[in-house]
Amino acid sequence: MKSPLLSLPGAVPAEGVDEGVAAHYGDLFREQRALADGTGFVDLSHRGVVTVSGEDRLSWLHLLLTQHVSDLPAGRATEALILSAHGHIEHALYLVDDGTTVWAHVEPGTRDALLAYLESMKFFYRVEVADRTADTAVVHLPAGSIAPVPEGVVVRETPYGRDLFLPRADLEAYAAEVGSPAGILAYEALRVEQHRPRLGFETDHRTIPHELGWIGSAVHLQKGCYRGQETVARVQNLGKPPRRLVFLHLDGSEVHLPAPGTEIRVADEDPDGRKVGFVTSSVRHYELGPVALALVKRNVPPDAHLVAGDTAAAQETVVEP
């Protein structure tokens, strides 16, 4: 859905999966600094919004999700995954329960498949699944923000800030009240700095939660069965994941960032040697310069100097080998 905030001065539309909101409003680094300082807001109205209501909502979701939500207190934010039968990540949900309804926002382009799966699993449970994307927009306020939250708006509060489930009809008026918008590129730069994985960026068709550090934050290891749980338990108890997430400090002298999918090799080896991973997200950070997240093979030494395409890269461990 195209955001009305694209009409704000300086707005440059985002492309790709984030199409529909602003990439930036004319000053990428200023927008990053504002978010880091706890001011401004980010328009995430292109994200899908799904609700689950009904008496059995939490116990039902507990059977489907990787997270322990059967006793989720009202107002407590959490995140959860839906896995394939083989343990590969299919969906990521960012949740909060308001006491009567579970609200979740999800990645653009994933809503329809998620809704279809949830509907197929209802059986005789007393739940109602609804698509609220058309009438609800997600707005992000950074950590430390003192911006007002309209009465009655559901809020998902995390260490990284607050996600507001705002009536879409109120989006323009709220933006005018809060002021100082930041684009999705600023939001992404801070996400990469914080080593937070994103579905469709850090994941591919065979990603398992252990590779991205999602154990604990999105996967609860002491809950009952769910689809893909056997893989999670086996890797946790008996082995290591085949790949691991790393944070890369990129050579700042390069004009172009290595795009997602760029192959990574070990710098000391033959430049035409074996591929050991690939870039998943790359950004220009207002303090750190060009940085990226990447997936590399687990056996790549943590102190190995890497090359992303033609760009030298020093790695910082996110997931332990």
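Residue numbers run from 1 in the order of the sequence given.
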Looking only at heavy atoms, the pair that brings Leu212 and Glu202 closest together is CD2-O, 3.6 Å
Plane angle bin for His195 and Phe247 - parallel if under 30°, tilted between 30 and 60°, otherwise perpendicular
tilted
Is Gln315 reaching over with its side chain to a backbone N or O of Ala304, donor-acceptor style, under 3.5 angstrom?
-> yes
* Asked: Are any side-chain N or O atoms of Thr110 and backbone N or O atoms of Val106, one a donor and one an acceptor, separated by less than 3.5 Å?
  -> no
Which of Tyr160, Phe165, Tyr187 passes ring-ring contact (aromatic ring centres under 6.0 Å, His included) with His140? It is Tyr187
Rounded to the nearest 0.5 angstrom, the NE2-OG1 distance for His88 and Thr203 is 11.5 Å
Yes or no on side-chain contact (heavy atoms from CB on, under 4.5 Å) for Leu64 and Tyr117, after CA distance, side-chain angles and deciding distance?
-> CA-CA 10 Å; Leu64 306 178; Tyr117 173 70; 3.9 Å; yes
Donor-acceptor check, side chain of Glu211 to backbone of Ile208, threshold 3.5 angstrom: yes or no? yes
Sub-4.5 Å side-chain heavy-atom contact between Arg168 and Ser45
yes
One should read off an interatomic distance between His91 NE2 and Leu65 CG, to the nearest 0.5 angstrom, of 11.0 Å
Out of curiosity, does Val129 fall in the hydrophobic cluster containing Tyr125 (side-chain heavy atoms, cut-off under 4.5 Å, transitive links)? yes
I want to check something: taking the side chain as every heavy atom from C-beta on, are Val232 and Leu221 in contact at a cut-off of under 4.5 Å? yes
To the nearest 0.5 Å, atom OG1 of Thr280 lies from atom CG of Leu245 at 6.0 Å
Can you check whether His86's main-chain N or O pairs, donor with acceptor, with Thr231's side chain at less than 3.5 Å? yes
Open item on the list: Tell me if a side-chain donor or acceptor on Arg126 pairs with a main-chain N or O of Gly54 at a distance below 3.5 Å.
Closed with: no
Value for CG (Leu81) from CD (Glu90), rounded to nearest 0.5 Å, stands at 11.0 Å
Checklist line | Presence of salt bridge, Arg243 and Asp204, under 4.0 angstrom | finding: yes
Check the pair His46 / Asp18 against side chain to side chain donor-acceptor pair (under 3.5 Å), numbers first and verdict last.
-> CA-CA 7 Å; His46 63 315; Asp18 289 320; 2.8 Å; yes
Open item on the list: With clusters defined by side-chain heavy atoms of hydrophobic residues (ILVMFWY) lying less than 4.5 Å apart, directly or transitively, does Val283 cluster with Ile184?
Closed with: no
So OG1 of Thr66 and CZ of Arg227: to nearest 0.5 Å the spacing works out to 11.5 Å
- Are Val296 and Val266 in one and the same hydrophobic cluster, where Ile, Leu, Val, Met, Phe, Trp and Tyr link if side-chain heavy atoms are under 4.5 Å apart? yes
#### Entry: Any Pro150 side-chain heavy atom under 4.5 Å of Leu166 side chain
yes
Are any side-chain N or O atoms of Arg162 and backbone N or O atoms of Ser145, one a donor and one an acceptor, separated by less than 3.5 Å?
yes
side-chain contact (heavy atoms from CB on, under 4.5 Å) assessment of Asp43 paired with Leu171:
CA-CA 9 Å; Asp43 176 13; Leu171 180 57; 4.1 Å; yes
Of all heavy-atom pairs linking Val49 and Asp131, the shortest is O-OD1, 3.4 Å
query = Going hydrophobic residue to hydrophobic residue with side-chain gaps under 4.5 angstrom, can you get from Leu248 over to Val291?
reply = no
Walk me through whether Thr39 and Asp37 qualify under side chain to side chain donor-acceptor pair (under 3.5 Å).
CA-CA 6 Å; Thr39 60; Asp37 290 340; 5.7 Å; no
Only residue of Arg47, Arg132, Arg111 satisfying side chain to side chain donor-acceptor pair (under 3.5 Å) with His105 is Arg47
Note to self: Is the shortest side-chain heavy-atom distance between Leu293 and Arg191 below 4.5 Å?
What the structure shows: yes
| said: Are Tyr25 and Glu31 packed together at the side-chain level, in the sense that at least one heavy-atom pair is separated by less than 4.5 angstrom? | reply: yes
Is the shortest heavy-atom distance from the side chain of Tyr174 to the side chain of Val153 under 4.5 Å? no
- Could you tell me whether the side chain of Arg244 and the main chain of Asn299 form a donor-acceptor pair under 3.5 Å? no
For Val96 and Gly75 the tightest heavy-atom approach is CG2-C, 3.7 Å
More than 12 foreign heavy atoms under 6.0 Å from CD of Glu15: is that the case here? no
Of all heavy-atom pairs linking Leu83 and Gly228, the shortest is CD1-O, 4.0 Å
Distance col, row Asp163:CG vs Leu95:CG, nearest 0.5 angstrom, shows 11.0 Å
*asked:* Other residues, nucleotides and ligands only: do more than 12 of their heavy atoms fall within 6.0 Å of NZ on Lys240?
replied: no
Exercise. Would Leu58 and Val102 satisfy side-chain contact (heavy atoms from CB on, under 4.5 Å), going step by step from the backbone distance to the final call?
Worked result: CA-CA 8 Å; Leu58 292 176; Val102 173; 3.7 Å; yes
Taking side chain as C-beta onward, heavy atoms only, is Leu306 less than 4.5 Å from Val300?
yes
>> Side chains of Glu316 and His249 only: does a donor on one sit below 3.5 Å from an acceptor on the other?
In response: yes
**Report entry** Phe29 and Arg284, any side-chain heavy atoms less than 4.5 Å apart
**Finding:** yes
Q) Would you say Trp103 and Leu44 are hydrophobically clustered, going by side-chain heavy atoms of ILVMFWY under 4.5 Å? A) yes
For Leu238, does the CG atom sit with more than 12 other heavy atoms under 6.0 Å from it, leaving out its own atoms?
yes
**Message:** Tell me whether Asp98 contacts the main-chain N or O of Thr101 through its side chain, where contact means a donor paired with an acceptor under 3.5 Å.
**Reply:** yes
When every non-hydrogen atom of His285 is compared with those of Ala189, the smallest separation belongs to CD2-O, 3.7 Å
What one should report as the nearest heavy-atom pair of His62 and Gln67 is ND1-O, 4.0 Å
**Message:** Set out, in order, the CA-CA distance, both residues' side-chain angles and the distance that settles side-chain contact (heavy atoms from CB on, under 4.5 Å) for Val50 and Leu114, then state yes or no.
**Reply:** CA-CA 9 Å; Val50 174; Leu114 173 62; 4.2 Å; yes
